[in-house]
*Asks:* 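Okay, handing you the structure first.
Here the structure is a predicted model, which means the values were calculated and not measured.
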Amino acid sequence: MKKELLNGILFSAAGSFWWGVIGVFYFKYVSFAGPVELVIHRTIWTAFILFLSIIFFSRLNFFFEVFNNKKKIFILFISGSLIFINWFTWIYAVVSNRLIDASFGYFIFPILSVLFGFIFFKEKLNKRRVISIFLVLISIIYFLFNFKSIPWIGLTVAITWSSYNLLRKKINVKTDIGLFIETLFLAPIALLLFYFISQKGLNDFTLSNLNNMFWLFLAGPMTIIPLYLYLRGVDLAGLGASGMIFFIAPTGQFLLGIFYFNEIFNFHKLISFIFIWIAVIIYLKDLNQNK
């Protein structure tokens, strides 16, 4: 195996493991702050750290290049809104012991991305991808009929993340610059929300507790580090290999939900997940053939 490919696999695996395991433990640990304050700090400190890195690495020219493009700015505003919803939903799932439901979303998101690419951008579908999409739809319908409720956490995670990735793919903006602009749009909203919760004395980020401040500040690095690792893996190993490795993330979340946090996983959920896992296996075979 070439050294570059091996390094790419290691980077992608580290990023995916971080999302699926390390990130879960971190957000569980800081769950005392609640999902609203957590998404506030994730937004603010991600923007702050990216701002420092853009200045440090002299990348302001890339920022202004994008900022002067009205089409790209508009799309980044939409994608920023999507990632804000995605972050909040995932954090809510972790805090409220719905990690299995969140993993459902990340298992199906690549396949939903294929479906959205076909619907909105006329991307071609082959037989394997059609079967994968069909199995995902069966899983969702089965879930709906047997639980008599929409699996909203999984669907929200999957739809927002797949839509986000499609939009970012189409405008071809450097990852750090794009995420900085997205969080820059969201920062005023996050600051306003923080003002309201602090006025009511509901904030855990306070000078009277420096330990809490430190842990909540880490929401920024905990977002940026795995993203860097995974994208570095994509650069070295390619999208096909990294796309297969990504499934470490939902697998880690799923296993932690069942075996560590003792979330409920009954027979009907198992059937629904079996459809998803078959769809994922078919999708991975297609990725392997086309990488």
*Asks:* Between Leu216 and Leu38, is any pair of side-chain heavy atoms under 4.5 Å apart?
*Replies:*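 Of all side-chain heavy-atom pairs linking Leu38 with Leu216, at least one is under 4.5 Å.
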*Asks:* A side-chain contact here means heavy atoms from C-beta on lying under 4.5 Å apart; do Glu65 and Asn61 qualify?
*Replies:*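 Not in contact.
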*Asks:* Can we say Arg168 and Glu182 salt-bridge, meaning some charged N sits less than 4.0 Å from an Asp/Glu carboxylate O?
*Replies:*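 A salt bridge is present here (some side-chain N lies under 4.0 Å from a carboxylate O).
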*Asks:* Heavy atoms only: give me the nearest Asn203-Ser198 pair and the separation to one decimal.
*Replies:*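 Looking at all heavy atoms of both residues, the closest pair is OD1-CA, 3.3 Å.
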*Asks:* Are the ring centres of His41 and Phe205 closer than 6.0 Å?
*Replies:*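 Yes.
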*Asks:* Aromatic contact between Trp45 and Phe48, with the criterion being ring centroids under 6.0 Å apart: yes or no?
*Replies:*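 Yes, ring centres under 6.0 Å apart.
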*Asks:* Would you check if there is a donor-acceptor pair between the side chains of Arg232 and Tyr228 at a distance under 3.5 Å?
*Replies:*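 The answer is no; no qualifying pair exists.
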*Asks:* Compare every heavy atom of Val24 with every heavy atom of Gly20, then report the nearest pair and how far apart it is.
*Replies:*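 In this case the closest contact between Gly20 and Val24 is O-CG2, 3.4 Å.
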*Asks:* Please determine whether a side-chain nitrogen of the Lys or Arg among Lys269 and Asp101 lies less than 4.0 Å from a carboxylate oxygen of the Asp or Glu.
*Replies:*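 Counted as a salt bridge, because a side-chain N and a carboxylate O are separated by less than 4.0 Å.
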*Asks:* Hey, is the main chain of Ala279 close enough, under 3.5 Å, to the side chain of Ser132 for a donor-acceptor pair?
*Replies:*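 At least one qualifying donor-acceptor pair exists.
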*Asks:* Quick one: which of Phe254, Tyr283, Phe104, Phe247 gives a ring-ring contact (aromatic ring centres under 6.0 Å, His included) with Trp277?
*Replies:*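 With Trp277 as partner, Phe254, Tyr283, Phe104, Phe247 yield a single ring-ring contact (aromatic ring centres under 6.0 Å, His included), made by Phe254.
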*Asks:* Does some side-chain heavy atom of Thr206 sit less than 4.5 Å from a side-chain heavy atom of Met213?
*Replies:*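 In short, these two side chains do not touch, never coming nearer than 4.5 Å.
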*Asks:* I'd like to know whether Tyr106 forms a ring-ring contact (aromatic ring centres under 6.0 Å, His included) with Trp19, so could you lay out the CA-CA distance, the side-chain angles of the two residues, the decisive distance to 0.1 Å, and finally the verdict.
*Replies:* CA-CA 11 Å; Tyr106 283 115; Trp19 276 323; 8.2 Å; no
*Asks:* May I ask you to check whether Phe62 and Phe57 place their ring centres under 6.0 Å from each other?
*Replies:*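 Not close enough - the centres of the two rings lie 6.0 Å or further apart.
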*Asks:* Less than 6.0 Å separating the ring centroids of Tyr164 and Phe109?
*Replies:*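 Ring centres of Phe109 and Tyr164 not closer than 6.0 Å.
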*Asks:* Group every Ile, Leu, Val, Met, Phe, Trp and Tyr by side-chain heavy-atom contacts under 4.5 Å, then state whether Ile264 and Leu144 land in the same group.
*Replies:*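 Different clusters.
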*Asks:* Quick one: does Glu263's side chain have a donor or acceptor within less than 3.5 Å of a partner on Gly257's backbone?
*Replies:*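 Side chain of Glu263 to backbone of Gly257: no pair is present.
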*Asks:* So which heavy atom on Thr89 is nearest to which on Ile153, and how close?
*Replies:*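 Scanning both residues, the minimum pair turns out to be CG2-O, 3.9 Å.
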*Asks:* Are Asn126 and Asp286 linked by a side-chain donor-acceptor pair shorter than 3.5 Å?
*Replies:*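 Short answer, yes.
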*Asks:* Check the orientation of Phe185 and Phe77. Use parallel for under 30°, tilted for 30 to 60°, and perpendicular for over 60°.
*Replies:*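 The arrangement is perpendicular - the two ring planes meet at more than 60°.
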*Asks:* Strictly by modelled atom types, are Ser139 and Ser272 linked by a side-chain donor-acceptor pair under 3.5 Å?
*Replies:*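 Side chains of Ser139 and Ser272: pair found under 3.5 Å.
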*Asks:* Tell me whether Thr160 contacts the main-chain N or O of Val157 through its side chain, where contact means a donor paired with an acceptor under 3.5 Å.
*Replies:*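 Checked: pair present.
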*Asks:* On a heavy-atom basis, which atom in Val114 and which in Leu125 lie closest, and how many Å separate them?
*Replies:*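 Minimum heavy-atom separation between Val114 and Leu125: CG1-CD2, 3.3 Å.
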*Asks:* Hydrogens and angles aside, do Lys170 and Asn165 bring a side-chain donor and acceptor to less than 3.5 Å of each other?
*Replies:*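 No.
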*Asks:* For residues Leu60 and Ile54, report the shortest heavy-atom separation together with the two atoms involved.
*Replies:*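 The answer is N-CG2, 3.8 Å.
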*Asks:* Do Thr223 and Arg42 have a side chain donor and acceptor closer than 3.5 Å?
*Replies:*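 Checked: Thr223/Arg42 side chains pair up, N/O donor to acceptor below 3.5 Å.
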*Asks:* Return the minimal non-hydrogen interatomic distance between Phe246 and Pro250, and the atom names on each side.
*Replies:*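 Closest approach of Phe246 to Pro250: O-CD, 3.4 Å.
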*Asks:* Do the two ring centres, one from Tyr230 and one from Trp18, sit under 6.0 Å apart?
*Replies:*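 Ring centroids of Tyr230 and Trp18 are no less than 6.0 Å from each other.
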